[in-house]
*Asks:* 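Below: one structure in structure tokens.
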Amino acid sequence: MRKALLVVAAVALLHADLAGAQARRHGRIPRTWLAAGIGIAVGGTAAFIYASARNPDLGDTCTSSSCVATVSIVAGFVSGFLIGRELDQLYELRYRHAPPLTLRGQSMPLSILPNDLSSRGGAIAAAGDGGVEVVMAGPRLERSDVRARGLRGVIAALPDPTGNHLFVSTGNGLYGFALSGERVAGSLLVTGEVSAVALRNGNAVLIHDGTIKSARVDGDSLVAVSPPRAFESRATDVAWDPERPVVWVLTETALVALAASDAGLGDSVGALPLPGTGRRLAVRGTTIAVAASEGGVLLVDATDPQAPRQTAAWSLSRFAYDVALGGSSVYLAAGPEGLYVLEPRGDGSLSPIGLARGLGFISALETEGANLLLLDRTGGLLRRIPFPN
């Protein structure tokens, strides 16, 4: 009996290194050994109690103190080993693509069920079921108000502090509200589904029923400038180029550059096919990051809008919900997996710096100064984290 138990323990020992290899690489004590040690301690304690209270008239089976001690300690070791090995395997599964990363910052509970996040001029808008919660980005996150309360089918919102506007995109149209001050009923600016809006110098581009429209902000209204432009697939996100008269349009299948002028949107000047379904984009200078759903994230060199080219890609997350560019890093919102922090390398690859899993279901990202804004959808939290050095 004791020999059989010892053989089982020896076999467990042979596999212990494999169970804790990933944990040791990340500087973590393998739970296999920790739980096995606890099991030995529990088994030894049970054997000691038995030896102290043993009845000497018991039969001739394994009732001696030495036999009971062997059985208890080995059984405790094997039980602890199996439990710890299961924990190490779960850890290895979670962090198989990037080491664990701890990011600390501020968090604010939201009074709505959020699904989208935007930031402009120090004003943050979290949009979702229940309206749009406006938060001001001071030294601390400060709740301002909830606008568009009761408006159904809210998809996204864009604050414009310069004009005191809050544009709210819904499945039924685009609405305009005052960003601050007295609450008044919103006005319907555009009918039909509007899923995204981008602004620059009073010029707006919006995704309307999957097409792109251009308009000019005139007081509390939008004046259409040019007819809508359709693409081979549905448009999902849009952004102005920060320096050039170009609008970047993300569709389900491609990243497209459109010429822009006071007369509206011109022809497509360049395009780049995507490896997955285009979802969100982030533009900084001549670099564009694209969240391509199951295709992961890719970096694009947009120095020449006529020939945008992919410079790096990373597709090991299960799904890419959103992406942001900040400091020298690329941030990927991976939903239930958490937040991946990636670093561009000189060889054209993206290297994972770490994975922060303790931030909730990360569904949307934005940048605000030297900070990263994150939306925890299931926890209903807005988080602000300084860019890691």
Side-chain angles (χ1 to χ4, degrees), residues 22 25-26 89-101 103 116-117 196 231-239 248-257 270-284 286-303 307-367 372 374-377 387-388:
Q22 178 84 346
R25 283 199 298 271
H26 296 164
Q89 288 176 340
L90 178 61
Y91 178 90
E92 184 174 357
L93 181 64
R94 286 178 171 176
Y95 296 106
R96 64 191 183 279
H97 301 314
L101 183 65
L103 298 176
D116 188 76
L117 183 65
F231 303 90
E232 293 183 359
S233 59
R234 187 179 181 85
T236 57
D237 202 4
V238 61
W248 293 98
V249 179
L250 185 67
T251 74
E252 293 178 341
T253 58
L255 175 66
V256 182
L272 176 71
L274 300 177
T277 304
R279 183 177 174 86
R280 298 296 296 270
L281 80 163
V283 182
R284 189 181 66 177
T286 58
T287 299
I288 300 177
V290 174
S293 304
E294 69 284 352
V297 61
L298 60 144
L299 285 185
V300 177
D301 181 357
T303 303
R309 61 184 185 88
Q310 178 179 315
T311 59
W314 191 80
S315 59
L316 296 181
S317 63
R318 282 179 288 179
F319 197 89
Y321 288 82
D322 201 356
V323 66
L325 295 168
S328 60
S329 300
V330 179
Y331 299 91
L332 171 62
E337 288 183 82
L339 176 73
Y340 281 99
V341 180
L342 309 171
E343 194 80 10
R345 299 299 187 190
D347 60 357
S349 65
L350 285 171
S351 175
I353 300 301
L355 169 63
R357 292 190 63 96
L359 301 175
F361 190 113
I362 307 303
S363 59
L365 301 174
E366 262 288 1
T367 57
L372 178 70
L374 307 91
L375 198 62
D376 174 7
R377 190 171 72 185
F387 292 142

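Everything numeric here is computed off the predicted structure, so don't read it as measured data.
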*Asks:* Write down the atom of A320, the atom of G296, and the distance for their closest heavy-atom approach.
*Replies:* CB-O, 3.5 Å

*Asks:* Roughly how far, to the nearest 0.5 Å, is the CD atom of E366 from the CG atom of D322?
*Replies:* 7.5 Å

*Asks:* Please check if the side chain of D237 supplies one atom and the backbone of R279 the other of a donor-acceptor pair under 3.5 Å.
*Replies:* no

*Asks:* So that I can tick it off, tell me whether E337 and R318 are bridged by a salt bridge, with the cut-off set at under 4.0 angstrom between side-chain N and carboxylate O.
*Replies:* yes

*Asks:* Could you please spell out the steps behind the side-chain contact (heavy atoms from CB on, under 4.5 Å) verdict for F231 and V249?
*Replies:* CA-CA 10 Å; F231 303 90; V249 179; 4.0 Å; yes

*Asks:* Determine whether the side chains of E252 and T277 contain a donor N or O and an acceptor N or O closer than 3.5 Å.
*Replies:* no

*Asks:* Indicate yes or no for a side-chain donor-acceptor contact from T251 to the backbone of T253 under 3.5 Å, with no hydrogens or angles considered.
*Replies:* yes

*Asks:* Heavy-atom distance under 4.5 Å between the side chains of T311 and L299, does that happen here?
*Replies:* yes

*Asks:* Taking the side chain as every heavy atom from C-beta outward, state whether Y321 and P336 have any pair of such atoms under 4.5 Å apart.
*Replies:* yes

*Asks:* Indicate the atoms forming the closest heavy-atom contact of A282 with A324, along with that distance.
*Replies:* CB-CA, 4.1 Å

*Asks:* Under the criterion side-chain contact (heavy atoms from CB on, under 4.5 Å), I'd like the reasoning laid out for Q310 against L272: C-alpha separation, chi angles, the key distance, then a yes or no.
*Replies:* CA-CA 8 Å; Q310 178 179 315; L272 176 71; 4.3 Å; yes

*Asks:* Work out which heavy atom in I288 is nearest to a heavy atom in A302; give both atom names and the distance.
*Replies:* CD1-CB, 3.8 Å

*Asks:* Would you mind reporting whether V256 and W248 have side-chain heavy atoms less than 4.5 Å apart?
*Replies:* no

*Asks:* What heavy-atom pair brings V300 and P308 nearest, and what distance separates the two atoms?
*Replies:* CG1-CB, 3.8 Å

*Asks:* For a side-chain contact (heavy atoms from CB on, under 4.5 Å) with L350, tell me which candidate from L298, L332, V330 qualifies.
*Replies:* V330

*Asks:* So, for V323 and A289, which heavy atoms are closest and what is the spacing to 0.1 Å?
*Replies:* CG1-O, 3.5 Å

*Asks:* Apply the test side-chain contact (heavy atoms from CB on, under 4.5 Å) to residues V290 and L274: give CA-CA distance (whole Å), side-chain angles for both, the deciding distance (0.1 Å), then the verdict.
*Replies:* CA-CA 9 Å; V290 174; L274 300 177; 4.2 Å; yes

*Asks:* Is R280 paired with D116 through a side-chain N to carboxylate O contact shorter than 4.0 Å?
*Replies:* yes

*Asks:* Do D376 and L359 touch side chain to side chain, with heavy atoms closer than 4.5 Å?
*Replies:* no

*Asks:* Using side-chain contact (heavy atoms from CB on, under 4.5 Å) as the criterion, point out the one residue from V341, L339, L355 that pairs with L101.
*Replies:* V341

*Asks:* Any side-chain to backbone donor/acceptor pair from T236 onto L250? Under 3.5 Å, distance only.
*Replies:* yes

*Asks:* Would you give the length of the straight line joining atom CH2 of W314 to atom OG of S349, rounded to the nearest 0.5 angstrom?
*Replies:* 12.0 Å

*Asks:* Could you check if a side-chain atom of L117 sits within less than 4.5 angstrom of a side-chain atom of L365, using non-hydrogen atoms only?
*Replies:* no

*Asks:* Using 30° and 60° as the class limits, which term best fits the ring planes of F387 and Y331: parallel, tilted or perpendicular?
*Replies:* parallel

*Asks:* Between G354 and A98, what is the shortest heavy-atom contact and its length?
*Replies:* C-CB, 3.8 Å

*Asks:* Report yes if the side chains of L281 and V283 come closer than 4.5 Å at any heavy-atom pair, otherwise no.
*Replies:* yes

*Asks:* Could you check whether any side-chain heavy atom of E343 comes within less than 4.5 Å of a side-chain heavy atom of S328, counting everything from C-beta outward?
*Replies:* yes

